[in-house]
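Reckoned from all heavy atoms, side chains included, excluding hydrogens, waters and symmetry mates. On a predicted model such as this, the values are computed, not experimentally measured, just so you know. Whatever order the structure lists ligands and atoms in, that order sets their numbers, starting from 1.
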Amino acid sequence: MRVLAMDLLAGIWESLGREESNLTTALDLHFCFQIFIGNYYPPCPQPELAMGLPPHSDHGLLTILLQNGVDGLQLKHKGNWVNVKPHPNSFLVNTGDHMEIISNGRYKSVVHRAVVNSKSTRISIANAIGPSLDAVVVPAMELVSDKGTPVAYNGMRYREFIEHQQANPLKDKSVLDRIRL
Ligand SMILES: O=C(O)CCC(=O)C(=O)O
Ligand SMILES: [Fe+2]
């Protein structure tokens, strides 16, 4: 998983026209923080009254998601909730808040939620990959100066960023909004 994440990060970084070594240094990727989260959503008799997981963005760089083939994940796209059909034998990759920060907003973190249904149990395993817990990630200088784009985010230690998210109810991009300039 970590190798896959590093390959994806290298590809994204290259798409921004940057050298891979910059990314590794900026994010202290040798000590990248990686967690697995298991989500279990049993059938719910009144799914319209319940929410499996409220709308949020993930705090890290990328989240690689494995699902058991049952619908439930929705992404917010242009203000509307869009169902994400799980494809067999595939991972779904979401961009996280720290990807939005380091890319100075070029790659937005995805707001998503999980709804439940009355018939089937849904299971998902999220593998979240972030920078080092001690990293204070700020927009990559090259991306800021290149096009005269102003810095769009302040830095916050990744550990503190996670603590803010865990200490409050999950809500959209609430932690990222604190450091948005
Ligand atoms: O169950 C899902 O598909 C979403 C899980 C999720 O968003 C998360 O664990 O952060
Ligand atoms: Fe998530």
Taking a hydrophobic cluster as the set of Ile, Leu, Val, Met, Phe, Trp and Tyr residues connected by side-chain heavy atoms closer than 4.5 Å, whether directly or through intermediates, do F91 and L62 fall within one such cluster?
yes
Rounding to 0.5 Å, atoms CG (D177) and OH (Y153) come to a distance of 9.0 Å
Non-hydrogen atom of R122 closer than 4.0 Å to ligand 1:
yes
Quick one: which ligand 1 atoms are inside 4.0 Å of a heavy atom on A126?
9 (O)
I need the contact type for L65 against ligand 1. Using non-hydrogen atoms and a strict under-4.0 Å cut-off, is it side chain, backbone, both or neither?
side chain
Verdict with reasoning, V116 to R122, per side-chain contact (heavy atoms from CB on, under 4.5 Å)
CA-CA 8 Å; V116 288; R122 180 164 182 273; over 6 Å; no
Atom 9 (O) of ligand 1: which protein heavy atom is closest, and how many Å away?
N39 ND2, 3.0 Å
Just go through V115, V84, L53 and tell me whose heavy atom is the nearest to atom 6 (C) of ligand 1.
L53
Between H56 and ligand 1, which residue portion shows a heavy-atom distance shorter than 4.0 Å: side chain, backbone, both, or neither?
side chain
Heavy-atom contacts with Y41 under 4.0 Å: which atoms of ligand 1 show up? List them by number with element.
1 (O), 2 (C), 4 (C), 5 (C)
Proximal protein heteroatoms (N, O or S) of the Fe ion (ligand 2), under 2.8 Å:
H56 NE2, D58 OD1, H112 NE2
From L53 atom CG to Q74 atom CD, the distance as rounded to the nearest 0.5 Å:
12.0 Å
Does a salt bridge link E163 with R157, judged by any charged N lying under 4.0 Å from a carboxylate O?
no
Quick one: does Q67 get an N or O within less than 3.5 Å of an N or O on ligand 1?
no
If only side-chain N and O atoms count, and only distance matters, is there a donor-acceptor pair under 3.5 Å linking N94 with T63?
no
Could I get the full list of ring pair (Phe, Tyr, Trp, His ring centres under 6.0 Å) partners for Y158, not counting sequence neighbours?
H59, H98
Going by the atom numbers of ligand 1, which of them fall below 4.0 Å from some non-hydrogen atom of L73?
3 (O), 4 (C)
Among V137, D58, L27, I12, find the one that has a side chain to side chain contact (heavy atoms under 4.5 Å, CB included) with M99.
I12
Measuring from atom CG of N127 to atom CZ of R2, what distance do you get when rounded to the nearest 0.5 angstrom?
9.5 Å
Out of curiosity, I64 CD1 to L4 CG, how far, rounded to the nearest 0.5 Å?
4.0 Å
